[in-house]
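Remarks on the structure that follows.
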Amino acid sequence: MNQKRPLAAILAVAALAVTLAAPAARAETVLTVVPHSNLSILDPIWTTAYMSRNHGYMIYDTLFGTDEQSRIQPQMVEKWTVSADKKVYDFRLRAGLQFHDGAPVTGEDVVASLARWGKRDSMGGALFTFVDKLEATGQDSFRITLKEPAGFVLEALGKPSSNVPFVMPKRIAETPPDKQITEYIGSGPYVFLKDEFKPGDKAVYVKFDKYVPRKEKTSGTAGGKHVYVDKVVWNLALRDYQAQVNALAKGEVDIVELVPFQHYQTLLKDPNVVVRKPKIGLQYMCRFNHLHPPFDNAKVRQAVLASFDQRPFLQAQVGVAELYKPCPSMFTCGTPYGVATGSEIQSKSSMRKAQELLKQSGYDGTTVVIMKPTDLASIDKLPEVAAQLMRQAGLKVDLQAMDWQTLVSRRAKKDAPKDGGWNMFCTAWVSPDIGNPVNNAALPARGAATPWFGWPEDAKLEELRAAFMKETDEKKKVALAGEVQKRAFEVATHAPLGEYSQPEAGRKAIKGWAPHGLAHTYWNISK
């Protein structure tokens, strides 16, 4: 006998039927990454910090890219021509380029972006010493006219690392170069969700559906930038190194950009994790502030160079012999410019020599303020070694701890150390960033006008760099690079501390992940 069913039950069954009949919503594919540091500065032109550079690669595009063989390849540019006298470069942008707000990318956007970049970047500044005129010649074209030929125009426009000449909308690129931008709109493969950004917690990027990748195979920062995930989340809160390793092992995160050296062997044994060593390595350095005592005195800087044997730095910071090597050059060892010319003050010196130089300098006991990052496993021990060696040489040292983003902001200050400034910080550069006298940010020496922090001043060094920029004969360029380096060691622009490889780790389930070392980029990856 049929019984009358309650109305509520009938409605519930009907609702269930509708739910089952409806197509299931597609789940978002989310790639979760633990970056090498926190992100707080969102302007990749204002700072050389690699976190800001990586953020830039997510949302902006570049005119040219650099492939894994260090060759310059077109990116936003479709084609270009060079005049017979090598002084006029005409460029046309490829079709379909548009910003995240829907506006097309124009020649005027490019001109404004390059003009701002040229005032902040060492290589950009070098290029603009040759530029007579930079102008938009049409909706999708622009021209660079030089006063005299320069052999590094495309290399500058395709520079793969800090500062990268990212293209922004004209209204944003017209922000004064000494001020940070406040709007973050690019034409790159991802859109930055500013409303979800929380420094110290997370940064979120979603796929830009209207981005048109190039057809060429991806290589380095060049080629097709295909996006196969809906969202990339940077976990900025997970700063404890052991916690990062645990999260990766459990599958709670997909990629850890910086494998702490002490956990390298452990992760190699995890069957669910792949550890990769990028082909491109890095070079450590400590930077002097030339504006304030005691490092306004070249003899004091030379004394520090003489005390800085690279081996204690590499052993303390890296510790894994297969991942580091001493290098007597300020340029990348193993390349034509990686010569040892003039490096004897550091590579063949001793603590005794350092103490003698310090005595000759007339050092008066002024305290040296060294900034030490607390949250960057790749460089956090360098300041401690520096402090120890400098004390042995006879200097008074104050080691001040802070997070990396605070250090990045503080190093831009020209104030005296007692007023919140600094005397020294240590850092690392990927090889392409220190590869020659043009793009090595530690070598420009124009005093307070020097683009990178530290502000050395030396007319002879600038003359030698200018000669290198104009030279086209490769053998003569190698010789000039040696002369540049010799002078840089004489004036002690900075202290190179050797080279290393920084491993990265990811879950084996991640497809298409292949760190190249030029920058941390997240296209062509799928889950």
Side-chain angles (χ1 to χ4, degrees), residues 38-56 59-60 62 108-131 134 156-157 159 161-186 192 194 197 199 287-292 295-296 369 371 402-417 419-425 427 429 433 438-457 462 465 493-494:
N38 186 26
L39 173 69
S40 61
I41 298 174
L42 301 175
D43 186 345
I45 304 302
W46 186 86
T47 182
T48 57
Y50 284 167
M51 277 298 295
S52 303
R53 173 205 65 187
N54 296 346
H55 161 77
I59 65 175
Y60 303 110
T62 58
E108 290 188 347
D109 297 314
V110 173
V111 167
S113 297
L114 291 180
R116 184 170 187 262
W117 164 75
K119 294 181 176 68
R120 294 294 300 186
D121 178 66
S122 59
M123 196 170 191
L127 175 62
F128 271 82
T129 63
F130 289 84
V131 173
L134 171 64
L157 299 182
K159 186 182 180 188
S161 192
S162 298
N163 299 88
V164 179
F166 293 118
V167 175
M168 304 177 180
K170 180 175 182 287
R171 68 180 187 280
I172 300 174
E174 289 178 338
T175 301
D178 60 340
K179 305 292 183 184
Q180 293 186 44
I181 62 174
T182 57
E183 193 177 1
Y184 314 103
I185 293 175
F192 177 59
K194 183 180 178 182
F197 174 56
R287 178 68 157 178
F288 302 109
N289 186 335
H290 294 241
L291 297 181
H292 301 289
F295 293 146
D296 60 341
V369 173
M371 298 188 290
M402 63 200 73
D403 65 83
W404 176 244
Q405 293 300 309
T406 298
L407 190 156
V408 165
S409 296
R410 184 171 167 181
R411 70 181 180 178
K413 295 182 178 181
K414 296 176 181 175
D415 302 324
D419 298 321
W422 55 278
N423 292 116
M424 176 182 281
F425 70 91
T427 188
W429 291 91
D433 278 342
V438 182
N439 70 349
N440 190 319
L443 295 180
R446 302 196 295 273
T450 302
W452 197 53
F453 323 106
W455 310 288
E457 184 170 8
E462 282 298 288
R465 292 181 65 247
T493 53
H494 65 289

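Bear in mind the structure is a predicted one, so any value in this text is a computation, not a measurement.
Look at E183 and K194 and you find no salt bridge, because none of the NZ, NE, NH1 or NH2 atoms lies under 4.0 Å from a carboxylate O. Of the charged side-chain nitrogens involved, at least one lies within less than 4.0 Å of a carboxylate oxygen, so that K159 and D121 count as a salt-bridged pair.
Considering OG of S161 and CG of N439, their distance stands at 9.5 Å, rounded to 0.5 Å. The OG1 atom of T62 sits 10.0 Å away from the CG atom of L157 when rounded to the nearest 0.5 Å. With rounding to the nearest 0.5 Å, the separation of CZ in F295 from CE in M424 is 4.5 Å. Taken to the nearest 0.5 Å, the NE2 atom of H292 stands 8.5 Å off from the CG atom of D419. We find the CG-CE distance between L42 and M51 to be 9.5 Å, quoted to the nearest 0.5 Å. For the atom pair OG of S409 and CH2 of W46, the computed distance is 5.5 Å after rounding to the nearest 0.5 Å.
Counting all heavy atoms, side chain and backbone alike, R53 lies closest to F166 at O-CZ, 3.7 Å. Across every non-hydrogen atom of A49 and R411, the tightest pair is N-NH2, 3.7 Å. Nearest heavy-atom pair across A445 and E462 is N-OE2, 2.8 Å. V369 and P417 get closest at one heavy-atom pair: CG2-CB, 3.9 Å. Across all their heavy atoms, G420 and K413 have their closest contact at O-CD, 3.7 Å. In plain terms, the two heavy atoms of Y60 and V167 that are nearest each other are CD2-O, 3.7 Å.
Remark: the backbone N or O of G421 is not paired with any side-chain donor or acceptor of D415 at under 3.5 angstrom. Remark: the backbone N or O of T47 is not paired with any side-chain donor or acceptor of S52 at under 3.5 angstrom. At distances below 3.5 Å, at least one donor-acceptor pair connects side-chain atoms of T450 with backbone N or O atoms of G447. D109 places a side-chain N or O within donor-acceptor distance of the main-chain N or O of K170, the cut-off being under 3.5 Å.
Side-chain contact between L39 and Q405 is absent, with no heavy atoms from C-beta onward closer than 4.5 Å. Contact check for N289 versus W455: side-chain heavy atoms found under the 4.5 Å cut-off. You'll find the side chain of P177 reaches within 4.5 Å of the side chain of R120, heavy atoms only. Within the 4.5 Å cutoff, the side chain of P165 has no heavy atoms near those of the S113 side chain.
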Original post:
Do L443 and H494 pass the side-chain contact (heavy atoms from CB on, under 4.5 Å) test, and can you show the C-alpha distance, the side-chain angles, and the key distance before you say yes or no?
Top reply: CA-CA 8 Å; L443 295 180; H494 65 289; 4.0 Å; yes
Subject >> From CA spacing to verdict: salt bridge (charged side-chain N to carboxylate O under 4.0 Å, His left out), E457, R446 >> reply: CA-CA 5 Å; E457 184 170 8; R446 302 196 295 273; over 6 Å; no
Subject >> Worked check of side-chain contact (heavy atoms from CB on, under 4.5 Å) between W429 and T48 >> reply: CA-CA 10 Å; W429 291 91; T48 57; 4.0 Å; yes
Subject >> Derivation and outcome, side-chain contact (heavy atoms from CB on, under 4.5 Å), residues N440 and D433 >> reply: CA-CA 6 Å; N440 190 319; D433 278 342; over 6 Å; no
**OP:** Starting from the C-alpha separation in whole Å, work towards a yes-or-no answer on side-chain hydrogen bond (donor to acceptor under 3.5 Å, both in side chains) for R287 and T427.
**Re:** CA-CA 8 Å; R287 178 68 157 178; T427 188; over 6 Å; no
**OP:** Walk me through it: do I172 and I185 pass the test side-chain contact (heavy atoms from CB on, under 4.5 Å)?
**Re:** CA-CA 8 Å; I172 300 174; I185 293 175; 4.2 Å; yes
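Between F425 and W452, the ring centre distance stays below 6.0 Å.
Screening N163, D43, T175 against R116 for a side chain to side chain donor-acceptor pair (under 3.5 Å) leaves a single residue, D43.
Ring geometry for Y184 against F192 counts as perpendicular: the plane angle is over 60°, on a 0 to 90° scale with 30° as the lower cut.
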